[in-house]
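Notes follow the structure.
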Amino acid sequence: MDKKVVTGICSLLVLSACKPAEEHPGKAIWEETCKVCHSVGLAGSPKFGDVKAWSKRIARGKESLYQHALEGWGDMPAKGGNPALSDEQVKLAVDYMVANSSE
Ligand code: HEC
């Protein structure tokens, strides 16, 4: 078989094999630390998936959301109360929540 064709078939196979396994890197972190409040809107937290509740916050800019998640804000504890998380992990969890709470 032509080498080009073989390479083409292989890349197709790789792509389709990768697709279903793709998961947001912030999902596991969110489920571990943030879900307890943000899945139900505990303590007045903006609920996961609530586009309306998030839109005003998102409008302020991602940096503001990151900062509040990292340092705490109102009843939002710093790093969701889990200091073991790295800044990068907290930001991934914010990204995951925002991606699922905006249009
Ligand atoms: C103990 C409950 C609780 C946990 C756990 C928690 N949050 Fe929150 N979060 C809140 C509350 C309450 C607010 C609303 C604060 C306010 O607006 O005064 C909030 C607000 C936020 C906001 C919006 C900040 C803004 O600038 O408007 C982000 C982003 C956020 N949380 C991210 C996270 C992430 C990421 C995690 C997990 C690492 C997490 N939260 C875990 C209670 C929690």
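Ligands are counted one by one from 1 in listed order, and the atoms in each one are counted from 1 as well.
Remark: side-chain polar atoms of S45 are paired, donor with acceptor, to backbone N or O of C37 under 3.5 angstrom.
Looking at ligand 1, you won't find any N or O of K79 less than 3.5 Å from one of its N or O atoms. Ligand 1 has a nitrogen or oxygen under 3.5 angstrom from a nitrogen or oxygen of R57.
Residue-environment remark: CD (E31) exceeds the threshold of 12 foreign heavy atoms within 6.0 Å.
With respect to atom 15 (C) of ligand 1, the closest heavy atom belonging to the protein is W73 O, 3.5 Å. Closest protein heavy atom to atom 12 (C) of ligand 1: A43 O, 3.2 Å. Taking atom 14 (C) of ligand 1 as the reference point, the nearest protein heavy-atom neighbour is P46 CD, 3.8 Å. The protein atom (non-hydrogen) at minimum distance from atom 32 (C) of ligand 1 is M97 CE, 3.5 Å. Atom 37 (C) of ligand 1 has C34 SG, 1.8 Å as its closest protein atom, hydrogens excluded (heavy atom only).
Annotation: side chain of W73 is not in contact with side chain of S64 (no heavy-atom distance under 4.5 Å). For the pair P25 and L92, the minimum side-chain heavy-atom distance is below 4.5 Å.
Linking Ile, Leu, Val, Met, Phe, Trp and Tyr whenever their side-chain heavy atoms come within less than 4.5 Å puts W54 and V94 in one cluster.
Here the shortest heavy-atom distance to atom 5 (C) of ligand 1, taken over L42, L92, T33, belongs to T33. Of the candidates G41, A93, C37, the one placing a heavy atom closest to atom 3 (C) of ligand 1 is C37. Closest heavy-atom approach to atom 33 (C) of ligand 1 among the candidates K56, M76, K35, E63: M76. Nearest-heavy-atom check against atom 22 (C) of ligand 1 across W54, Y66, Y96 picks out W54.
Distances from atom 8 (Fe) of ligand 1 show that S45 has no N/O/S atom below 2.8 Å. With a cut-off of 2.8 Å, atom 8 (Fe) of ligand 1 has an N, O or S atom of H38 in range.
Counting the atoms of ligand 1 from 1 in the order shown, those under 4.0 Å from a heavy atom of H68 are 24 (C), 25 (C), 26 (O). Of all the atoms in ligand 1, the ones that sit under 4.0 Å from a non-hydrogen atom of P77 are 1 (C), 3 (C), 43 (C). Near V94, the atoms of ligand 1 lying under 4.0 angstrom from a non-hydrogen atom of the residue are 35 (C).
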- Message: V98 vs R57, test: side-chain contact (heavy atoms from CB on, under 4.5 Å). Steps then yes/no.
- Response: CA-CA 10 Å; V98 166; R57 296 172 189 269; over 6 Å; no

- Item | Evaluation steps, side-chain contact (heavy atoms from CB on, under 4.5 Å), between D95 and K62 | CA-CA 9 Å; D95 287 345; K62 206 64 160 304; 3.0 Å; yes

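Taking CD from E88 and OH from Y66, the interatomic distance works out to 8.0 Å, rounded to the nearest 0.5 Å. Here CG of L42 is found 14.0 Å from NZ of K35. Values are rounded to the nearest 0.5 Å.
Between M76 and H38, the shortest heavy-atom contact is SD-NE2, 4.0 Å.
Residue-ligand proximity: Q89 is placed with every non-hydrogen atom at 4.0 Å or more from ligand 1.
Aromatic ring orientation, H24 versus Y96: tilted (interplanar angle from 30° to 60°).
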